[in-house]
Amino acid sequence: MKTSGTTEVLPLGKKQKYACNIVMGVLLVVAGVVLILAGTGVIKASARSIAAPTVLFAFGLSVLISAVIAKNALSMWLAGVLLACAVPSVVSLASGVGYGVLYPIYIASPAVGCCFALPFAELKMPQIKGIAFFGCIAAIFALRSSGLCGWGLTCGLLAAFAGVCIIIYTILKFTAKDGKENA
């Protein structure tokens, strides 16, 4: 039987649900303790500056652990995106590097999600296409954020990349053997 390409999600057993809930609860308690320590001055960072990465990491790790337990590709994708979005904040706090340099990581977050989902995905090619597409866009923006090129070259590269993607998509749809005429 042909499926939609997503891995069938089976209901979790009682013990699996308990394990997932306990892990999420523990990670949120740890996040709360970190924020309390920052709020009381024990950790030398403002609670405001570490709140987003702390909560993103806690939630991302809990989703990751639950996804591994459930062998769920969609949850793995979400965990990858959440963890990828937490990284720039942590790097910025730890190194002082600004978001003007780190923003390509946010653009790459769907590609990171696809990397995480790949092991549990029923169909691998859509994940690989997502990695390639968002990875290339992030790489183009990384050239800009690193100072290797200006906005003019960045926009030109993005336009050329979009054109190549449209051409490849059109050729693949035109030559598809499934008989569909509409792209």
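- Pairing each heavy atom of Asn72 with each of Ser75, the nearest pair is OD1-N, 2.9 Å.
- Under the 4.5 Å side-chain heavy-atom criterion for Ile, Leu, Val, Met, Phe, Trp and Tyr, Leu82 and Val90 are members of distinct hydrophobic clusters.
- Both Leu61 and Val112 are members of a single hydrophobic cluster when ILVMFWY side chains are connected at heavy-atom separations under 4.5 Å.
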Worked verdict on Tyr169 versus Lys129 for side chain to side chain contact (heavy atoms under 4.5 Å, CB included): CA-CA 11 Å; Tyr169 173 80; Lys129 288 177 183 176; over 6 Å; no
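- Tested against Ile166 for a side chain to side chain contact (heavy atoms under 4.5 Å, CB included), the candidates Ile168, Thr170, Val164 yield a single pass: Thr170.
- The closest donor-acceptor contact from the side chain of Ser145 to the backbone of Ala142 lies under 3.5 Å.
- No donor-acceptor distance shorter than 3.5 angstrom exists from the side chain of Ser92 to the backbone of Pro88, with no hydrogens or angles considered.
- Criterion: ILVMFWY side-chain heavy atoms under 4.5 Å apart, direct or through other members. Under it, Phe134 and Trp77 are not part of a common hydrophobic cluster.
- Scanning both residues, Thr154 and Cys149, for their nearest heavy atoms gives OG1-SG, 3.4 Å.
- Side-chain contact between Ser89 and Leu56: absent, with no pair of heavy atoms (C-beta onward) separated by less than 4.5 Å.
- Summarising the local packing, OH of Tyr99 is surrounded by more than 12 heavy atoms from other residues, nucleotides or ligands at distances under 6.0 Å.
- For Ala51 against Leu35, the heavy-atom pair with the smallest separation is CA-CD2, 3.5 Å.
- Taking each heavy atom of Ser62 and Leu27 in turn, the nearest pair found is N-CD1, 3.5 Å.
- Between Ile43 atom CD1 and Ile36 atom CD1 the span is 10.5 Å, to the nearest 0.5 Å.
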Apply side chain to side chain contact (heavy atoms under 4.5 Å, CB included) to the pair Phe141 and Leu158, showing each step before the final yes or no. CA-CA 9 Å; Phe141 278 106; Leu158 288 170; 3.4 Å; yes
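- Tracing side-chain contacts under 4.5 Å through hydrophobic residues (I, L, V, M, F, W, Y), one never reaches Val34 starting from Leu28; they form parts of separate clusters.
- Among all heavy-atom pairs drawn from Ala117 and Met76, the shortest one is CA-CB, 3.8 Å.
- Separating the OG1 atom in Thr54 from the CG atom in Leu37 is a distance of 10.5 Å, to the nearest 0.5 Å.
- Atom CG of Leu78 and atom CG of Leu83 lie 9.0 Å apart (nearest 0.5 Å).
- When the side chains of ILVMFWY residues are joined at heavy-atom separations under 4.5 Å, either directly or via intervening members, Val81 and Tyr106 end up in two distinct hydrophobic clusters.
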Begin with the C-alpha distance, continue with both residues' side-chain angles, and end with the deciding distance and a verdict on side chain to side chain contact (heavy atoms under 4.5 Å, CB included) for Phe57 and Val87. CA-CA 8 Å; Phe57 264 116; Val87 167; 4.2 Å; yes
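- Residue Ile22 holds its CD1 atom at 14.0 Å from NZ of Lys15, rounded to the nearest 0.5 Å.
- In terms of heavy-atom proximity, Leu118 sits nearest to Ile128 at CD1-CG1, 4.3 Å.
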